[in-house]
Amino acid sequence: MTMLAPLRPVAGNSFDVAWIRREFPVFERNPGLVFLDTAASAQKPRSVIDGIAEFYRSDYANVHRGVYGLSARSTARFEGARETVRRFLNAADVSEIVFVRGATEGLNLVAQSWGATFLKPGDQVLLSALEHHSNIVPWQQLRDRLGLELVIVPLDSSGGLDVAAFERLLTPRTRLVAITHIANVTGHVVPAAALVRLAHARGAKILLDGCQAVPRLPVDVQALDCDFYVLSGHKCYGPTGIGVLYAKRAILDAMPPWQSGGDMITTVTFERTTYQEPPQRFEAGTPDISGAIGLALALDFMDQVGRTTIRDHEQALTRYARDRLATMPGVSVVGAGSECLGVVSFTVDGVHPHDLATIFDQSNVAIRAGHHCAQPLMDTLGLAATARASFGIYSDESDVDALVTAIRAAQRLFDRPVQG
Amino acid sequence: MTMLAPLRPVAGNSFDVAWIRREFPVFERNPGLVFLDTAASAQKPRSVIDGIAEFYRSDYANVHRGVYGLSARSTARFEGARETVRRFLNAADVSEIVFVRGATEGLNLVAQSWGATFLKPGDQVLLSALEHHSNIVPWQQLRDRLGLELVIVPLDSSGGLDVAAFERLLTPRTRLVAITHIANVTGHVVPAAALVRLAHARGAKILLDGCQAVPRLPVDVQALDCDFYVLSGHKCYGPTGIGVLYAKRAILDAMPPWQSGGDMITTVTFERTTYQEPPQRFEAGTPDISGAIGLALALDFMDQVGRTTIRDHEQALTRYARDRLATMPGVSVVGAGSECLGVVSFTVDGVHPHDLATIFDQSNVAIRAGHHCAQPLMDTLGLAATARASFGIYSDESDVDALVTAIRAAQRLFDRPVQG
Amino acid sequence: MDLRELYQDIILDHGRHPRNFGALSDASHFAHGHNPLCGDKVTIFVKLDGDRIVEARFEGHGCAISTASASLMTEVVKNKTLAEADALFQNFHTKVTGGEQIALPAALEDDGDRLEPLAGVKSYPARVKCATLAWHTFEAAMHAGSIAAAVKTE
Amino acid sequence: MDLRELYQDIILDHGRHPRNFGALSDASHFAHGHNPLCGDKVTIFVKLDGDRIVEARFEGHGCAISTASASLMTEVVKNKTLAEADALFQNFHTKVTGGEQIALPAALEDDGDRLEPLAGVKSYPARVKCATLAWHTFEAAMHAGSIAAAVKTE
Ligand SMILES: Cc1ncc(COP(=O)(O)O)c(C=O)c1O
Ligand SMILES: Cc1ncc(COP(=O)(O)O)c(C=O)c1O
């Protein structure tokens, strides 16, 4: 396993981004790359890339059922990864960590196992106008199957979650609240702990979609006291194909299995099958062993950098970006900024976001353009598309400066006089 | 991407196993390893391990929605992997290739999307006594939900599928046949093309579980004419976390989505969502991008070695192993051998399989002991557990010889006179 | 490649001032088109007289490429037969995807040339769908008989 | 480690000729145990008189380790109080997992020593569950009151 060199001394609230960046081979291989699409997926540090390769070279075998040494080592690495995730989220018990493909699968699992079992016709599920499609469509499917009602918490004037409306919309019929921890289009951070208290006071369970939060904020599921938490590994510097569903043990205990097959059963006859305890009950088939191990290496990397350091860095950089964009003529930043982290959406007068992305790409500035899998939010904002820049552990002010330069170039290109 | 050196000249029907083995770093890192558990999961060649790492270093970004160059490259690699799988299975169209976590997820997808939509109370699903839990439990869940009947095709006297009984048990009520292509406990190869013809003649759809077949046999889904085919990447020298569901396009077109979220939708409002065409309709959320690419590299590796070469090698080695074990006093091979490929299950008088596995491990011989996730088959065979040796592209006669030596050592250890 | 090759004057002009923009109240055919990956939307309205296109208009919002492509398309298909419009689409398609060029009948060469400014997208694979959305939607409108249809490109 | 350390004579002997094997028709407590990963199954039967174990037997099939462990367990718990049996289990558990040793009361030391041959499994993590299955099942039988229970180790 490749170990990181000790962190360099940091200046002020920041850390040595140049050092961090050297740990991400993508920047060496793509000189000049200005990567501003971390909210879609993060780049991977050397320790993750090399660690997965090393695992396959040295310790790989299928897990759980092997008596021989290689399989015991593989199992120890895999279950060790689960413990790493537990520690990272400060879950009470390792059995509360279910490995899934990503947040989307985690949300579908909750909807189809917990939701289909415990929700009844007429029950309400509270979502917000900030949600990613992955936290909308599974609930729509369930609504159509069970006759639920989806209630949508609107935005406040800054484009964040309207907490007063949240409180008002919580009713005795609200059985579940499912809300993003950080909005993927605007970077708005919701007051998660307060929402959990409000939901619990009304007797509702609450799920937080932590896709954008886990890479940016220290997250402590026990302090939050949320019932469910989902995340995607590829967004926090880990490999694709792996994510986590956290749920309180008592809730997992009551949930029936969703997918079924090997590894999640106790006995099988053709008449009857009995199931394992959590988390195995929810991990049918051979799991993504190297994915789990890669995720643990990514979390270790984040821990080594320091999670409050990361948050402070993202905060400073987000502020810097919003401030710079706000002063540019013809540029509009989406949503007000005080509570935004890691993500900035914007539009440029006269240049469609899609065209911006193409123009930026010519100067190696990678941003995302479109609806960002949040069409209902775009409808609410009255926008068909935005350009979105998002930051990671390896981003710095020079990336923002490159973005500003690229916006100016796009404006020059599009504002030129042309022959009709 | 690491390319393989051209294959060495082969002697007779075989190929240069020493060369192949050098392509698998696990043998260099674990000198003396006798790996006989490929049926549980295969080891990975250098081209897969290094290829995944290289992909992350050079070309990684999220797929499908990015305008910039890195994302376009990543998308091209990912969709190129789908085309590699199509070619490998000879599917008619690339849209028939759905990426899933593994065979287990593929089977659950078919049961919960196709099965829940098209099966009615009283319909029969035909399984066999050879099945892995992953091809039993999803159908049991569906049976319990819909009121289906599961009909089990028994074994013939050699321990293979009883084809006469198969024919007899197919009735007008049989809507689906779901059967393994190669049995994971005994290595029995079923006459897949004949079963497809029989099923279709009765108007039933047929699914083949190709987990053990794809690494060992050339598989052509159009020649087989099966309706569904599933495989796990980690069993054919690819990474964990990825597998494939093949289904005929007309069938996929008629299937509703199962999981829902990003990437599989066309439009989303809070009222209504419309879904993409196959295969995207069935791939909710960020896919396992590196998993798909790694799988394609693994299939390329198999193609380079040659798939009939691999089959001939596995066949010769399986025969050699069965012949050697059959002559050992106190050793019983499970099932008769003419149609068996890649897998040998056996028992040793007076030594439980679990003890065998521990004893073998001391001499670096890795086998699997237990029920192999096929408890119903074990019940049919009247065995609580077997020891199972299984082969891969890198296995050779010396591995079998080491196994024989290890069996003798176990017998000596257990047959010694002891003080009561 | 220079961005001016992609964003030629004619593209920007049609992007800013699309021709034939707005619904056609007496359309005989129309279809909605959608690119779900970027959110571009277009509706194509056509009025047929026999197999001749007597009017073609569009509505929607999208990037400069997709707007200019829709605008130019409505211009060139007007007063063409369905077979001629199809020939123009085939030719255009190879132009923007970089496929093997399909020759146009002499009578259509001028119209083909008018679409030339969009050929720059072939160097931007992620943008080809923007250029073809209007055409796919036009085709869907024709195939739908006189019934509304919806297509999407991804 | 030498395999003879794991498969000591006493283990093989109890594996081949398990003591107290077979159902107990007048059991006051019993439980089924199962290790789903290897298929080992055991049923523990106990007859209690007050809080004293007057009879303990077992049935099932498994490897040499699990069979010997069940056999030895039924021998040492007989004529012990529940508290004593529990102390033996605690002590045994640390022995086979390699945890910090929990001392036994002097009166139980001989019984503790009789279980010593199983200590070899601590070098074989995959086999620890085999050694503890009988004990976990015994515990389940006790906790179930006089009702049958089922446990499994993985
Ligand atoms: C025949 C068969 N079917 C299904 C499976 C399940 O595959 P996976 O665990 O990769 O989903 C296996 C492997 O364990 C198998 O051998
Ligand atoms: C807030 C949010 N939720 C859910 C998702 C879905 O994550 P994944 O595609 O990894 O399943 C994303 C990322 O796209 C996201 O940003």
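Below, chains carry the letters A, B, ... as their sequence lines are ordered, and counting in each starts from 1.
Considering only heavy-atom pairs separated by less than 4.5 Å from chain B, the leading option among A:Ser290, A:Ala111, A:Ser58 is A:Ser58. Contacts with chain A were tallied for B:Pro25, B:Ala357, B:Pro376; B:Pro376 has the most, counting heavy-atom pairs under 4.5 Å. Comparing B:Gly291, B:Ala369, B:Gly243, B:Gly66 by how many heavy-atom pairs each has under 4.5 Å with chain A, the most go to B:Gly66. When the candidates B:Asp37, B:Ile152, B:Leu150, B:Asn364 are compared by the number of heavy-atom contacts under 4.5 Å with chain A, B:Ile152 comes out ahead. Of the listed residues (B:Ile49, B:Thr240, B:Asp288), the greatest number of heavy-atom pairs within a distance under 4.5 Å of chain A belongs to B:Thr240. Options A:Arg143, A:Arg368, A:Lys44, A:Gln43 differ in how many heavy-atom pairs under 4.5 Å they form with chain B, and the most are formed by A:Arg368. Between chain A and the residues B:Pro257, B:Pro138, B:Pro287, the largest count of heavy-atom pairs under 4.5 Å involves B:Pro138. Here A:Gly69 is the residue among A:Gly102, A:Ala374, A:Gly69 with the most heavy-atom pairs under 4.5 Å with chain B. For the set A:Ala292, A:Gly370, A:Gly241, the entry with the most heavy-atom pairs within less than 4.5 Å of chain B is A:Gly241. The most heavy-atom pairs under 4.5 Å with chain A, out of B:His132, B:Gln112, B:Lys235, B:His354, come from B:Gln112.
The contact between B:Ile367 and chain A is made entirely by backbone atoms, counting heavy-atom distances below 4.5 Å. For chain A, no part of B:Ile242 is nearby; none of its heavy atoms comes within less than 4.5 Å. Only the backbone of B:Ala42 comes within contact range of chain A, with at least one heavy atom under 4.5 Å from a heavy atom of that chain. If you measure heavy-atom distances from B:Gln141 to chain A, the contacts under 4.5 Å come from the side chain alone. Within the 4.5 angstrom heavy-atom criterion, only side-chain atoms of B:Arg73, from C-beta onward, approach chain A. Neither the backbone nor the side chain of B:Val151 comes within less than 4.5 Å of any heavy atom in chain A. With a threshold of 4.5 angstrom between heavy atoms, B:Ile289 approaches chain A through its backbone and through its side chain.
Legend: residues meeting ring pair (Phe, Tyr, Trp, His ring centres under 6.0 Å) with B:Trp258, ordered by chain and number and at least two apart, are A:Trp258. Shown here are the ring pair (Phe, Tyr, Trp, His ring centres under 6.0 Å) partners of B:Phe99, two or more places apart in sequence or in another chain: B:Phe78.
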So A:Ser260 and A:Tyr275, side chain to side chain donor-acceptor pair (under 3.5 Å) or not? Walk me through it.
-> CA-CA 9 Å; A:Ser260 50; A:Tyr275 300 106; 5.6 Å; no

